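Predicted model, so just to flag it, every value in this text is computed and none were measured. Both ligands and their constituent atoms are indexed starting at 1 by order of listing.
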Amino acid sequence: MEPTLAQRQNPRDPQKPGKTLLVKNADMLVTMDGARREIRGGGLYVEGNRIVAVGPTAELPATADEVIDASGHLVTPGLVNTHHHMYQSLTRAVPAAQDAELFGWLTSLYKVWANLTPEMIEVSTLTAMSELLLSGCTTSSDHLYIYPNGSRLDDSIRAAQRIGMRFHASRGSMSVGQKDGGLPPDAVVERDDAILADTQRVIETYHDEGRYAMLRIVVAPCSPFSVSRDLMRESAALARHYGVSMHTHLAENANDIAYSREKFGMTPAEYAEDLGWVGRDVWHAHCVQLDDHGIGLFSRTCTGVAHCPCSNMRLASGIAPVKKMRLAGVPVGLGVDGSASNDGAQMVAEARQAMLLARVGFGPDAMTAREALEIATLGGSQVLGRDDIGALAPGMAADFVAFDLRQPLFAGALHDPVAALVFCAPSQVALSVIGGRVIVKEGVLQTVELEPVIERHNRLAAQLMQMAR
Ligand SMILES: [Zn+2]
C-alpha cells in the first residue's frame, strides 16, 4: 500500500501547518540567499519551523498568530558556530594556562578537566549555549572529547534540548595517553572499543538526519596527537556507515606540524588523506598551518574548515590562510573554539575578529564585513553539511536573529547597518528565533532562567579549580 503523506515524513518533523509568525518592518534584512539580497523594510513569514516567505513587509501576509515589529533592527540568518568545547566555560582564564601555546596549555588543563562530572558538563553547556544564543548563534556544534567520572555526551544533549538550540553534538575521544607517547594523562583516555561502542550508541539514540533536524551526532576523535591511527580509521568507517559527519583538530600550529612529521612522516593534511579523513562529510578545526598542498586537497574533496581566529591569536598559533582557502573553494565556517582558549564565545565578536585578523595577515582587502558575516552563517551551514540553515529563504529553517540598531555602539554607522554589525563593537541580539520558536525576546533568554544557572556554574567552576590544587 502506498504510504500516506504523514507516514512518508520524518516522524520528528511532522509537516503540520504549525503556528505562524510574522516579523515585519526590519530596517534591513540580510538574506544570504543566492542573490545575497539585503531588503530595506524587510520581513519574514514563518509557518511552524520553516520560512514560507521573505521580502518587503508590504508583500508579506498582514497577520499571523504572533507578530513581531522589527523596526529599528537588523535581521540576519542565525549564526552557525562550527567549533567549541563548551565544558571549558568552567576553566576560563586559568592562571597556569593564560600564557602558554597549545601543547603547554593542554598539559596544564588536562589535570583540571580530569575532575569533570556529568553535572558540570550539563551546566557548562547551558552557560555556553546562553552566551552563544545571546550573541546571535542559533546552531552550534560542540566537541566533547573527555568523559571522566561517568560523564556522557547525553549530558550536553540534555542542555541543548532544554535551552532550544540547534545542536551538532560531537562524540569526541582520546585514546593515546602519555604512556603510549600521547599528550593527555592516561587517566583521561578511553579504550578504542569503548569509544566506538558509545559512539554507536549515541548515533542510534539521537541522530536525526532529516531536514530541519534540531540534533545531529558527529564522530570526532580529538586530534591526531591524542588518538591512535586505528581509531581515526575505525571512527571514519563508523561515521560513514551511519552517514554522520566527522570532525577533528588539524594543523593548528607549528608544533602540531612537527609532531605529525616526526610521528607519521607526513604533514597533517597528508595524514588526514591517508586515514580517509577528507570529504564533504568532514570538517577540521583551525588548519592555521594548512599548506598549499593541503588547501588543494581540501578543495578537491570539499573538506571543511572551522576557522577560530580568537583562539589562534590567544595561543599564538598563527593566521589561517582563509582567503586562499575560500578562493580555492574550501568550505570555511567560523568557530569560537573552547572557552579556555577564547575566553569569550561571542559569535559576532568572532566574525569581527576574523575580518580584522585576515587584514593583519593579508592586507586591508583580505576580508570584507559581508564576507565575515557570510562565513559566520552560510559558511558554517556548509561546513556542518546542511542546506536548511544559514540563509533566509522560503523552505529554509526559521532560524534568524535581530540586532537593535538604536544602541550607542551602532550610532553613526546606520548608512550601512550590515557592515556596522561587523565593524562596530559586538552587539548582543534583541531577538532570536530557532525553528520558529522565540528563544530570545527583547534581549532576554526565554527558555532558561539564567541567574541560577550562572550561579551554579560558578560554584562548579570553583569546585573544579579547588580539586586540581
Ligand atoms: Zn578545539
- request: If the plane angle is over 60° it's perpendicular, under 30° parallel, otherwise tilted; pick one for His143 and His247.
  value: tilted
- request: For the residue pair Tyr259 and Phe103, categorise the inter-ring angle as parallel (less than 30°), tilted (30 to 60°) or perpendicular (more than 60°).
  value: perpendicular
query: For the Zn ion (ligand 1), how many protein N, O or S atoms lie at less than 2.8 Å?
result: 4
Below 3.5 Å, can you tabulate the donor-acceptor pairs from side chains in residues 182-194 to any protein atom, sequence neighbours excluded?
unit_1	atom_1	unit_2	atom_2	d
Asp186	OD1	Gln178	N	2.9
Asp186	OD1	Lys179	N	3.1
Glu190	OE1	Arg171	NH2	3.0
Glu190	OE2	Arg171	NH1	2.9
Arg191	NE	Asp193	OD1	3.0
Arg191	NH2	Asp193	OD1	3.3
Arg191	NH2	Asp193	OD2	3.4
Asp192	OD1	Ser175	OG	3.3
Asp192	OD2	Ser228	OG	3.2

message: Using modelled atom types and a 3.5 Å cut-off, is there a donor and acceptor pairing between side-chain atoms of His307 and backbone atoms of Val332?
response: no
field: Arg314 side chain vs Ala340 backbone, donor-acceptor pair below 3.5 Å
entry: yes
query: Would you call the rings of Phe264 and Tyr271 parallel, tilted or perpendicular if under 30° counts as parallel and over 60° as perpendicular?
result: parallel
